[in-house]
Amino acid sequence: MGTPGSAPASGALRVAIIGNPNTGKTTLFNALTGLRQRVGNFAGVTVERVEGGFQMPDGRRITVVDLPGAYSLAATSPDERIALDVLRGHDGREPRPDVVLVVVDATHLGRNLFLASQVCELGLPVVVALNQVDAAAARGITVDVPALIHELGVPIVPTVASRGEGLDPLRRALVAAATLPAPTPRFALDESAETTAARYGWITDVIARTVRQRASASGSASDRIDAIALHRLGGPILFLVVMALVFQAVFSWATPVQDAIESGVLGVGHAIGQLVPEGDLRSLVVDGVFAGVGSVLVFLPQIALLFAFISVLEQSGYMARAAFLMDRLMRRVGLNGKSFIPMLSGYACAVPGIMATRTIEDPKDRLATILVVPLMSCSARLPVYTLLIGAFVPAMPLLPGLDLQGATMLAMYLLGTVAALGVAALFRRTLLRGPVRPMILELPPYRWPSPRSIAIIVWQRSVLFLRRAGTVILALSIVLWALATFPRTPVAPDAPPAVAQETQLANSALGRFGRAIEPAVAPLGYDWKIGVSILASFAAREVFVSTMGTIYGVGDAGESALADALRAERRPDGTAAYTPLIAVSLMVFYVFALMCMSTIAVTVREAGGGRIGWRWAAIQFAYMLALAYGAAWLVLVVGRAMGLG
Amino acid sequence: MRADTWAALGIVLAAVAYLVRRAVVRSRAAKATGPGCDRCGH
């Protein structure tokens, strides 16, 4: 036997969860701790250590640390290094764990035992959770658990983490293991060819003695689906169809709820306007708060639907297939398919997308991916696209299930994706030159997404969206209302209300500032109102919508929806101020521009921190702004040359 | 100035104070635990 383990004399027992990627570690962590960390059916969802805890019936506190997945103890990527540092006690922030919980996938026991056997040699008490025993049984795989316990010399508990099965025995095993000695090492803890060969030989013998598999006449359901999903021609077509359906659904399914919220916001704003006497306070509430925050709130249904679809794609296992499909294209730009998973994560938010690059081993591959992830249209762009498409693009049917509005939305997402590939190719041929490495990607079996898990994600994202609307967007709307209202401009008493309000807005602090910066946006066909809204949206992209809402709330004598106000806006010569061409140009600007402080901060950290991190973040910000300005200008010039506006 | 203008300006000042405080808190948090995103919870 090895070094005896010892339970900590006082304080919580520390348990570290480790295992191969996509074995259900985070699902088990969530089940044990009651937390709601993000899970997905592909490798590399967890890229940093996450801590939670639970209490035993006797009051004993157990701290659980969820670690990124690893295939062996030889770390090759930043996320694997995080896991190993914790296990070896090299993580400066915390002591070495008291017990290691190795999660192994019962459907791929042979491969999973490589890491499990290495962990058994770290000199720490070990418990193995034999997870997904239900999936193994469905495939005709039977594991002789007592025999496996005998072979490994550690406690093994069968679990189905997604259904919470086996949790109580697992909790008891973890507490008991802290008092047991560490398992006896079988091999030297190195990665030499001899040791690796000996370890695989031992694993082959163990599998032969403990696992029985019923012969299967035909391939699994996953294999049959993959025959279509990974087909050379059919696969890419299916990917495009899936994305088109997602964006069409985000647009059309959300519309009835969006209209109801819009009517509700206008109605409540109108009712409050009746209660508060005429004056600045009423203007602040109606034109500032309701017009600003209300114009963003109406996009809640779209945000909820987008996250629901992204969750379905992540949990079903289709994300890994998309990465596999894109591998050939990614190689042409100098990356490999593995970089496509962080890029797809960027559809939700660039921050987790950039953090997901920790799964990429090669530093230059990783940096190139970090630099292009923000080009993927994130959920913050959705309100901008939806407002402009709803106002200026007709719902003209194109194909069964797809109209021009959905196609325009899809085009914006595809434009960002294609630009990301092009820019990555440029970086890989210039600043980040290097060889293209082959991709090793595990294709997980397809799984039915859990409705509960999707509901939790949609709920969490909706609450965060509402919290932002009720905090930062509310505060910015109030400040922008003040800037649009003061200083006062005397107007002729007999001037029509619309003219009086437009004069006041034009002479306000916001109006004067807007006109000062107007020359910078005039080449793109934008007026000062768009210019100010773009500048304000550097705080957060959605603020573009709330700023336009506040400007039109203050400057508009009526109480109309923002889209109607934009369509009705006229230049002094009577022509429409905003045309479909300007709307497309503006959307293209938002596809490319980096307007997110959180993304800049995470790029600084993940690109090396300090001066190096800041340098790459500056390069990222500058190239994206230049691309945004250039592309928006090109759209306008080409569109006008074609007689479109 | 009218009372409702004073009230509106008070709300504006409170909003400015909130935005400044938020920027300071987020900046400190970014230095301590790394940057996060309050849109997606990361």
Side-chain angles (χ1 to χ4, degrees), chain A residues 36-38 48 276-285 288-289 303 307 345 348-356 378-380 457 460-461 463-465 467-468 471-472 474-483 485-486 488 539-542 596-606 609, chain B:
Chain A
R36 290 170 178 176
Q37 286 299 314
R38 179 183 171 223
E48 59 188 339
V276 182
E278 174 82 36
D280 285 328
L281 194 58
R282 185 165 101 175
S283 175
L284 169 68
V285 173
V289 173
I303 298 285
F307 277 110
S345 299
C349 177
V351 171
I354 288 174
M355 287 174 62
C378 65
S379 61
I457 288 170
Q460 285 175 332
R461 298 295 183 266
V463 167
L464 286 166
F465 179 77
R467 192 178 295 160
R468 273 176 79 74
T471 54
V472 66
L474 170 68
L476 281 168
S477 297
I478 291 170
V479 172
L480 284 163
W481 169 86
L483 293 173
T485 305
F486 300 106
R488 296 282 190 208
R541 289 184 179 94
E542 306 95 318
C596 179
M597 301 298 175
S598 302
T599 303
I600 293 170
V602 83
T603 295
V604 172
R605 186 180 71 174
E606 298 294 316
Chain B
M1 279 202 298
R2 289 166 33 165
D4 74 320
T5 303
W6 280 114
L9 285 178
I11 294 172
V12 172
L13 278 178
V16 172
Y18 169 77
L19 288 172
V20 172
R21 184 174 162 272
R22 180 178 182 274
V24 172
V25 168
R26 283 178 65 81
S27 168
R28 282 185 190 152
K31 279 178 191 156
T33 59
C37 177
D38 59 359
R39 186 182 293 113
C40 69
H42 284 88

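These numbers come from a predicted model, not from an experiment.
- Side-chain polar atoms of A/S598 and B/R26 form a donor-acceptor pair below 3.5 angstrom.
- Counting only heavy atoms from C-beta outward, the side chains of A/L483 and A/V479 approach each other to under 4.5 Å.
- Both the backbone and the side chain of A/L476 come within contact range of chain B, each with at least one heavy atom under 4.5 Å from a heavy atom of that chain.
- The shortest side-chain heavy-atom distance between A/L281 and B/W6 does not fall under the 4.5 Å cut-off.
- B/A15 and A/A475 get closest at one heavy-atom pair: CB-O, 3.7 Å.
- If you measure heavy-atom distances from A/E278 to chain B, the contacts under 4.5 Å come from the backbone alone.
- In terms of heavy-atom pairs under 4.5 angstrom with chain A, the leader among B/A7, B/A14, B/A23, B/A8 is B/A8.
- For the pair B/R2/A/D280, no side-chain contact is recorded, criterion being any heavy-atom separation below 4.5 Å from C-beta on.
- A/I478 touches chain B through backbone and side chain together, each having a heavy atom under 4.5 Å away.
- For B/I11, the parts sitting under 4.5 Å from any heavy atom of chain A are the backbone and the side chain alike.
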